[in-house]
Amino acid sequence: MEIFFLGVGEACDTAHGNSSSLITASNGARILLDCGFSVPHQYFRTIEQPAELDCIWISHYHGDHFLGLPLLFLRLWQLGRTKPLTIVGQKGIDQKVRAALELAYPTFEKKLSFTFEFHVLHAQETISLLGLTWYAALTQHSQYNLGLRLEDGPTKFYYSGDGRAGKHAKALIQGCDFVVHESFSLVDTYPYHGSVNSTLQLADEMEVGQIALVHLDHEVRRNELETVEKMVFARENTLLPVAEDRVRF
């Protein structure tokens, strides 16, 4: 599998964009992980053949994770996309996506040259889609957020969305080859966010291959970056990615 980091910041990070990545599976399937405010411009600026997107995963309904969708759809329409677009998320994903599109561009869904294929993935549920096995678990966040595990043959990948990992999320993280986890603060400060320190502890406890820290508070990046870098680079197979980093695993 391959991951391309489109953005690695939180909602208000003007330098690093909203956290989002493009996963390419071994069979070539392309999955966009979350689509916040800043993501469409970055996606269309950096991705070759952007209309070839197969699927979008939405972890939860905070704006920096899904309110970029209307602009993404608009540009895909301009590019002449006709292939249906698969969208996967929690219960209500179809209503949320259509409501966002209607608010941004009233009646525009009727003009789209492609249709949506929605799939609901519940916590502690497993589905098969695009040749992959999908698992979800609830994380500890202020909104209902699902962490996602993808299995591509023997390769296992986890994406946290937002929130600390509880016991069900930890079960999905266990043994993964690559983990992308939000790490908002330096240490556990907020009850519904992870931290650099807790993510590094997860890497040790859950026996993961590589782990990438994203969604850092922009103030932490500005004021504590040297400390973060020392914590990260002291550990093998731990990454502090920036936008446009590409990793194969």
Side-chain angles (χ1 to χ4, degrees), residues 1 3-11 13 16-23 30-40 42-43 53-70 72 85-97 99-100 116 118-127 129-130 132-151 156-166 168-173 176 178-184 190-195 198-199 202 211-216 241:
M1 300 180 79
I3 184 168
F4 181 78
F5 291 93
L6 291 160
V8 295
E10 37 91 343
D13 192 330
H16 297 89
N18 300 149
S19 289
S20 176
S21 300
L22 183 69
I23 286 285
R30 288 177 160 190
I31 303 167
L32 181 64
L33 302 174
D34 282 337
C35 187
F37 309 115
S38 66
V39 173
Q42 178 73 349
Y43 177 82
L53 181 64
D54 293 294
C55 180
I56 303 170
W57 162 256
I58 299 298
S59 62
H60 66 296
Y61 300 131
H62 276 153
D64 56 312
H65 290 262
F66 94 107
L67 281 181
L69 288 175
L72 184 83
L85 180 59
T86 299
I87 303 176
V88 188
Q90 60 188 262
K91 182 179 179 180
I93 183 70
D94 52 344
Q95 295 98 323
K96 285 286 188 179
V97 169
F116 302 127
F118 292 101
H119 293 265
V120 174
L121 180 57
H122 298 286
Q124 281 69 69
E125 185 179 43
T126 305
I127 62 172
L129 189 66
L130 298 173
L132 307 174
T133 306
W134 302 56
Y135 304 83
L138 185 66
T139 71
Q140 298 169 3
H141 191 47
S142 55
Q143 285 283 310
Y144 191 96
N145 175 91
L146 292 177
L148 173 69
R149 174 167 165 151
L150 295 174
E151 292 190 0
K156 305 174 188 67
F157 168 81
Y158 178 83
Y159 171 69
S160 70
D162 279 356
R164 294 187 191 178
H168 294 299
K170 286 181 178 180
L172 296 191
I173 294 169
C176 279
F178 199 94
V179 171
V180 178
H181 206 285
E182 73 100 325
S183 308
F184 188 75
Y190 304 97
Y192 301 117
H193 274 297
S195 68
S198 63
T199 299
L202 273 177
I211 193 163
L213 286 65
V214 299
H215 204 279
L216 274 68

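- Among residues two or more places apart in sequence or in another chain, the side-chain contact (heavy atoms from CB on, under 4.5 Å) test is passed with A136 by L121, L146.
- Of all non-hydrogen atoms in A123 and Y144, the two that sit nearest each other are CB-OH, 3.6 Å.
- Here the shortest heavy-atom pairing between A11 and N18 reads O-ND2, 3.4 Å.
- Separating the NZ atom in K156 from the CE atom in M1 is a distance of 11.5 Å, to the nearest 0.5 Å.
- Residues that satisfy the side-chain contact (heavy atoms from CB on, under 4.5 Å) test with T86, not counting sequence neighbours, are C55, V88, E117, H119, L129.
- A 4.5 Å side-chain heavy-atom check between T126 and T133 finds at least one atom pair inside the cut-off.
- Interatomic distance, CG of D54 versus CG of L130, reported as 6.0 Å (0.5 Å rounding).
- Between I87 atom CD1 and W57 atom CH2 the span is 12.5 Å, to the nearest 0.5 Å.
- Remark: F66 pairs with Y61 by the ring pair (Phe, Tyr, Trp, His ring centres under 6.0 Å) rule, at least two apart or across chains.
- Considering only residues two or more places apart in sequence or on other chains, Q42 meets the side-chain hydrogen bond (donor to acceptor under 3.5 Å, both in side chains) condition with R45, E244.
- The heavy-atom pair separating G163 from T139 by the smallest distance is CA-OG1, 3.7 Å.
- Nearest heavy atoms, V179 versus C176: CG2-CB, 3.8 Å.
- Using a 4.5 Å heavy-atom cutoff, the side chains of H181 and Y158 are in contact.
- Rounding to the nearest 0.5 angstrom, the gap separating the CD1 atom in I58 from the CG atom in L148 is 11.5 Å.
- Contacts of H193 classified as side-chain hydrogen bond (donor to acceptor under 3.5 Å, both in side chains), with partners at least two apart in sequence or in another chain: E182.
- When all heavy atoms are compared, the tightest approach of G68 to P40 is O-CG, 3.1 Å.
- The CG atom of L72 lies 5.0 Å from the CD1 atom of I56; values are rounded to the nearest 0.5 Å.
- What you find for L138 and Q124 is that their closest heavy atoms are N-NE2, 4.2 Å.
- Under the ring pair (Phe, Tyr, Trp, His ring centres under 6.0 Å) criterion, F157 pairs with F249, sequence neighbours left out.
- In terms of the side-chain contact (heavy atoms from CB on, under 4.5 Å) criterion, residue partners of S20 (sequence neighbours excluded) are, by chain and number, L6, L32, V39.
- Listed by chain and residue number, H60, D64, H65, H141, S142, Q143 satisfy the side-chain contact (heavy atoms from CB on, under 4.5 Å) test with H62 (two or more places apart in sequence, or in another chain).
- Under the ring pair (Phe, Tyr, Trp, His ring centres under 6.0 Å) criterion, F118 pairs with F116, not counting sequence neighbours.
- We find the CZ-OH distance between F184 and Y192 to be 15.0 Å, quoted to the nearest 0.5 Å.
- Side-chain contact check for I31 versus Y159: every heavy-atom pair is 4.5 Å or farther apart.
- Contacts of S59 classified as side-chain hydrogen bond (donor to acceptor under 3.5 Å, both in side chains), with partners at least two apart in sequence or in another chain: D34, N145.
- With sequence neighbours left out, the side-chain hydrogen bond (donor to acceptor under 3.5 Å, both in side chains) criterion links S21 to no other residue.
- Within the structure, the salt bridge (Lys or Arg N to Asp or Glu O under 4.0 Å) test picks out the following pairs touching residues 140-151 (sequence neighbours left out): R149-E151.
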